[in-house]
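So the structure is just underneath, and the comments pick up after that.
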There are 2 protein chains.
Amino acid sequence: MNQHDKIPVMTESSCLDCDSRKFAWFEPGDEAHLPEREKQRAGQYLVRAGGNVFMEGDILDYAYTLKQGWAICYKLLANGQRQVLHVALAGDFIGCQANYGQPIDYAVMTVTDCVFCAFSAESMQNLLIAEPSLMRRLFEINAKQSEKCRTRLAYVGQAQAKYRVALFLTHLIERLERRGIDTSQMVEFPLTREDIADAVGITAVHLSRISAELRARNIVECRYNRLVVTDLDALKTLAAELI
Amino acid sequence: MNQHDKIPVMTESSCLDCDSRKFAWFEPGDEAHLPEREKQRAGQYLVRAGGNVFMEGDILDYAYTLKQGWAICYKLLANGQRQVLHVALAGDFIGCQANYGQPIDYAVMTVTDCVFCAFSAESMQNLLIAEPSLMRRLFEINAKQSEKCRTRLAYVGQAQAKYRVALFLTHLIERLERRGIDTSQMVEFPLTREDIADAVGITAVHLSRISAELRARNIVECRYNRLVVTDLDALKTLAAELI
DNA sequence: CGTTAAGTTGAAGCGTCTCAAGATTGGTGG
DNA sequence: CCACCAATCTTGAGACGCTTCAACTTAACG
């Protein structure tokens with residue numbers, strides 16, 4: 001993420017006005033400390049859709065909170081295949097490491113235009129020392145990310161394609177709902193067949209067949225940048241058959 | 001883990017004599033603090049081979065350092081299938097959570113007889129307050145575990161069975177080597193076909209065919225509780241074809 | 001309206017699973 | 001020391017799920 005992407009300081013938005021905070025590091029509750037915390041922020045960055053936030057192997061200067069937009073964390077394999085590890089939504093913390101200076105083990109690419117809030121390793125250190133509760137929260141965030149990864153590993157390793165897709169969509173819909181998006185209506189859904197396929201370990205072609213089935217059964221439709229959840233219960237039932 | 005498993009206090013071994021510390025939370029370097037740390041230890045437990053340390057959904061009272069033996073962390077799916085998340089070796093930290101009181105999201109079962117060192121949530125809290133460096137180390141341990149999980153997810157999601165097995169064995173052999181086990185000789189290897197198959201997301205029957213091929217090509221042999229690495233380079237080459 | 005990216009569909013091939021029978025190993029007791 | 005047993009591992013054959021390739025359709029965009 002280079003200097004060109006940086007949002008001019010004057011037009012940066014404040015943590016106080018951020019509606020993603022519920023899911024983010026600076027969760028609501030301690031508003032008095034917010035200005036202090038915001039002072040440690042290195043800046044906000046705009047990355048256009050399809051842009052690389054960082055690549056696997058990069059030495060990161062910052063960790064990022066995704067403020068706005070959709071991004072994907074992924075790994076590339078030697079044969080060119082891609083495993084999507086995580087679909088990042090507003091509030092998600094990305095690029096957090098125990099040891100800065102060590103190369104990061106995954107890449108991040110934006111799916112839509114995205115805004116990121118950057119924190120340098122030192123400023124994070126400062127914050128953690130000043131406010132021990134932030135350490136607990138960071139711990140919690142990392143633990144939750146690990147848990148999500150284990151869950152994904154379990155169903156990618158053990159479930160058939162249809163159930164993987166149902167589980168993936170169920171989890172994603174839950175996260176959208178928690179962010180106040182009403183998925184009983186049609187919603188924007190920028191993931192392509194390829195993105196989803198790479199997340200659950202199947203090919204886009206096969207995913208297309210599974211999607212056709214889910215659509216035919218009036219459960220869910222997701223394509224052309226739209227998501228229509230017709231029968232969430234049926235989707236959950238399908239997902240629950242295998243985890 | 002119940003009271004019956006507890007090793008009598010008199011016969012407990014000291015952290016000072018522990019040769020797994022290099023891989024554990026109390027890594028070498030601060031020997032002066034060791035007695036203080038050890039005082040916070042809730043005890044040592046012996047779990048016989050095939051025993052459950054805890055089950056998915058349990059509310060844990062302790063986190064554990066595996067002092068001796070082999071154990072596996074896994075998740076069970078609704079259809080009865082099992083995904084092995086991690087093969088725990090001496091020094092590995094297990095059951096560490098951000099929020100005790102929340103159910104744990106995976107289970108742990110011993111493969112061989114194992115000794116665990118238990119730490120209660122409060123005693124961990126005490127240690128972390130007393131020694132900030134322990135917090136950094138805990139962070140590091142969790143980050144490493146997450147990274148391992150992402151790596152596994154990537155190759156389980158994207159690689160063919162043969163390469164998954166090669167990668168799994170390569171990583172395990174590396175970890176054994178780092179623990180001072182000379183894998184150029186025959187070594188004890190308590191994992192069954194089923195354990196390995198569940199770790200890489202294939203069936204034991206198919207794993208058997210792959211193992212037969214690796215054996216026929218004089219690369220590696222692992223069965224009947226033994227591991228013989230004949231050509232580590234060839235194994236690594238095979239693994240590298242896909243990650 | 002034309003162009004491009006994204007998604008769909010069919011047919012054939014391959015990889016993995018399933019089921020079942022047989023072989024090998026380690027442990028136990030005669 | 002050998003016979004037997006249970007657990008583990010192997011092997012074959014057929015079925016199934018997923019991939020591949022290629023042609024086609026649909027949507028988004030200037």
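The sequence lines fix the lettering, A, B, ..., with proteins before strands; numbering per chain opens at 1.
Residues satisfying the salt bridge (charged side-chain N to carboxylate O under 4.0 Å, His left out) criterion with B/Asp92, sequence neighbours excluded, are B/Arg175, B/Arg179.
To the nearest angstrom, C1' of C/dT16 lies 12 Å from CD of B/Gln81. We find that CD of A/Gln158 is positioned 17 Å from C1' of D/dC18, with the value rounded to whole Å. Between A/Glu221 atom CD and D/dA27 atom C1' the separation is 12 Å, expressed in whole Å. Separating the CZ atom of B/Arg164 from the P atom of C/dG15 is a distance of 13 Å, rounded to the nearest angstrom. Here the P atom of nucleotide D/dT19 and the CD1 atom of A/Ile202 are 6 Å apart, to the nearest Å. Rounded to whole Å, atom C1' of D/dT20 lies 15 Å from atom CG of A/Asn79. In this entry the distance linking CG of B/Asp195 with P of D/dT8 reads 9 Å, nearest Å.
With respect to the salt-bridge test (charged N to carboxylate O, under 4.0 angstrom), the residues A/Arg209 and A/Glu213 do not qualify. Comment: B/Arg82 engages B/Asp195 in a salt bridge, judged by a side-chain N to carboxylate O separation of less than 4.0 angstrom. A salt bridge is absent between B/Glu188 and B/Arg226: the closest approach of a Lys/Arg side-chain nitrogen to an acidic carboxylate oxygen does not fall below 4.0 angstrom.
Within the helix from C/dC1-D/dG30 to C/dG30-D/dC1, the inter-axis angle between the opening and closing five-pair segments is 40°, rounded to 10°.
Remark: B/Leu207 CG to B/Cys222 SG distance equals 7.0 Å, nearest 0.5 Å.
Classified by interplanar angle (parallel below 30°, tilted 30° to 60°, perpendicular above 60°), the ring pair A/Tyr64/A/Tyr45 is perpendicular. B/His171 and B/Tyr155 have tilted rings, their planes meeting at an angle from 30° to 60° on a 0 to 90° scale.
For B/Thr203, no side-chain nitrogen or oxygen approaches OP1 or OP2 of C/dT16 to under 4.0 Å. Look at A/Arg226 and you'll find a side-chain N or O under 4.0 angstrom from OP1 or OP2 of D/dA28.
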Sugar-phosphate means primed atoms, P, OP1 and OP2; the rest is base. With that split, encode nucleotides 3-9 of chain C 5' to 3' as B, S or - using protein heavy atoms under 4.0 Å.
----SBB

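At distances below 3.5 Å, at least one donor-acceptor pair connects side-chain atoms of A/Asn79 with backbone N or O atoms of A/Gln81.
Here the shortest heavy-atom pairing between B/Ala143 and B/Arg150 reads O-NH2, 4.4 Å.
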